[in-house]
Amino acid sequence: MRISVIGCGYLGAVHAAAMASLGHEVVGIDVDQAKIDALNTGFASIYEPGLDELLQEGLKSGKLKFTTDFSEARGAKAHFIGVGTPQRKDGAGADLTYLNSALNSLLPYLSADDVVIGKSTVPVGTAQALSQQESFQATGATLAWNPEFLREGHAIADTVTPDRLVYGLPADPAQADLARKVMDEIYAAILDRQTPQIVTDYPTAELVKVSANAFLATKISFINAVAQVADAAGANVTELADAIGLDDRIGRKFLNAGVGFGGGCLPKDIRAFKARAAELGVTDVIDLMTTVDEINLHQRQSIIDQVKQLLPEVEGKKVAVLGLAFKPESDDLRDSPALDVATRLSDAGYQVVAIDPKAGDKAQQLYPGLVLAADWEDALADADVALLLTEWKQFTTAQPPQAKTGAVVIDGRNSLDRESWLAQGWAYQGVGRR
Ligand SMILES: NC(=O)c1ccc[n+]([C@@H]2O[C@H](COP(=O)([O-])OP(=O)(O)OC[C@H]3O[C@@H](n4cnc5c(N)ncnc54)[C@H](O)[C@@H]3O)[C@@H](O)[C@H]2O)c1
């Protein structure tokens with residue numbers, strides 16, 4: 001099938017390349033010329049494992065191309081929209097400017113039997129509002145919402161072998177039938193593997209995505225709240241998580257205490273959920289998400305407070321920051337707890353030296369004053385405090401160098417091998433397991 005993918009960032013670039021790998025003829029469209037140029041060379045400007053290889057395969061086969069020219073969407077039967085929906089600058093809600101603008105740019109090239117498929121994460125009610133816009137209705141095209149659940153670092157596998165496919169369909173039976181048929185055809189190879197499919201209406205599909213992220217965020221903040229009690233009471237939160245995680249009603253995933261969640265999704269999605277609930281006059285979600293957000297931000301502050309407690313004299317004190325990306329196997333720095341802690345400690349006057357396998361240069365572009373270490377040894381040499389803030393395997397498996405006298409490592413992800421750090425003379429502090 002001929003497909004266009006509008007918005008070629010972390011979601012869209014992967015979706016475009018993955019759809020081409022399923023045999024479709026795909027054009028990816030974005031307003032960012034530099035991003036498009038990079039994608040067309042087969043080397044994305046973002047880091048996602050396996051993406052460059054998939055891009056190169058698609059470009060070589062002639063099934064995949066990228067452009068800034070929306071007219072290239074003409075003739076495609078399905079148009080995925082994966083543009084950003086960041087937090088508004090003036091509040092907690094989602095900024096839908098990019099979504100509205102992408103749809104407006106696409107309108108002149110839509111035909112009556114086309115299906116526009118929203119993938120961006122949006123506040124509940126968005127699809128209904130978009131589908132009712134006069135300009136959209138005038139095209140005769142159909143709108144569906146098909147939320148995306150990929151995890152950065154695993155995005156390709158999550159796109160081609162997802163846990164489930166969710167279709168949010170319009171109320172009109174003929175349009176719903178068309179949208180379903182088109183998506184079934186696009187995802188035929190995925191559906192053949194008995195992937196669960198949930199076919200529902202717009203608001204349910206939109207809320208499935210938002211509530212999935214709200215639940216994951218709540219799970220992380222829950223274990224972080226418990227970690228605070230474990231610290232105060234001398235318990236070990238990792239052993240506790242292992243024990244409660246064996247109960248399959250609870251599950252072990254997302255129960256890792258630490259510096260908290262970040263990235264381009266969870267923080268803005270829980271805030272947008274809160275804002276939308278407020279518009280709908282529903283209060284409990286506001287209170288719940290406010291608490292989840294507060295606990296999460298408290299974890300960052302707690303690491304900063306520990307450093308200040310260990311090093312009350314700022315002058316000449318070196319803090320090694322291990323990790324800057326919001327999670328391993330990604331270079332995404334959006335709302336990264338690691339970058340936040342690093343820059344705040346630097347602003348407080350500490351000599352911060354950071355290292356990250358993929359996000360270092362991007363972090364330095366954002367914060368030109370940020371000092372990057374040449375390598376692992378350089379980062380840790382003469383450090384007074386070392387902070388593990390992103391659990392890259394390179395860091396959690398590396399042998400630490402000998403510690404300077406009195407040096408402390410704070411394991412902000414509870415992922416280091418405590419014994420090997422102790423053996424090299426470091427004092428060790430974890431989260432909820434000091
Ligand atoms: N990144 C993830 O892990 C992930 C997972 C699931 C859902 N999502 C959702 O997907 C959406 C996109 O997220 P992302 O992480 O890919 O963001 P991103 O910032 O990496 O990519 C968004 C892209 O949209 C482009 N864009 C902006 N305005 C445009 C326009 N008018 N026309 C065409 N392109 C335009 C930008 O240039 C950018 O390349 C968001 O709603 C996000 O919540 C993201």
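For ligands, and for the atoms within them, numbers begin at 1 and follow the listed sequence.
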| task | Would you indicate whether the side-chain heavy atoms of S415 and L388 approach each other to under 4.5 Å? | result |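 Of all side-chain heavy-atom pairs linking S415 with L388, at least one is under 4.5 Å.
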| request: Identify, chain by chain and in numerical order, each protein residue with a heavy atom under 4.0 Å from an atom of ligand 1. | output: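 Residues I6, G7, C8, G9, Y10, L11, D30, V31, D32, K35, F70, G82, V83, G84, T85, Y98, S101, A102, S120, T121, E148, L150, E152, K209, C265, K268, R334 each place a heavy atom under 4.0 Å from ligand 1, listed by chain and number.
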| Do any pairs count as a salt bridge (charged side-chain N to carboxylate O under 4.0 Å, His left out) and have a residue in residues 61-71, sequence neighbours left out, and if so which ones? |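 Salt bridge (charged side-chain N to carboxylate O under 4.0 Å, His left out) check on residues 61-71 returns K65-E72.
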| According to the ring pair (Phe, Tyr, Trp, His ring centres under 6.0 Å) rule, which pairs have a member within residues 64-101, sequence neighbours left out? |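 Checked against ring pair (Phe, Tyr, Trp, His ring centres under 6.0 Å) - neighbours excluded - the pairs reaching residues 64-101 are H15-F80.
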| request: Can you spot which of R334, K327, K358 makes a salt bridge (Lys or Arg N to Asp or Glu O under 4.0 Å) with E152? | output: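 Option passing the salt bridge (Lys or Arg N to Asp or Glu O under 4.0 Å) with E152: R334.
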| query | In chain order, what residues pass the side-chain contact (heavy atoms from CB on, under 4.5 Å) check against T68, with sequence neighbours excluded? | reply |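 Counting only residues at least two positions away or on another chain, T68 forms a side-chain contact (heavy atoms from CB on, under 4.5 Å) with Q33, I36.
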| Residue that, paired with Y167, satisfies side chain to side chain donor-acceptor pair (under 3.5 Å) out of N146, D184, T200 |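 Passing option: D184.
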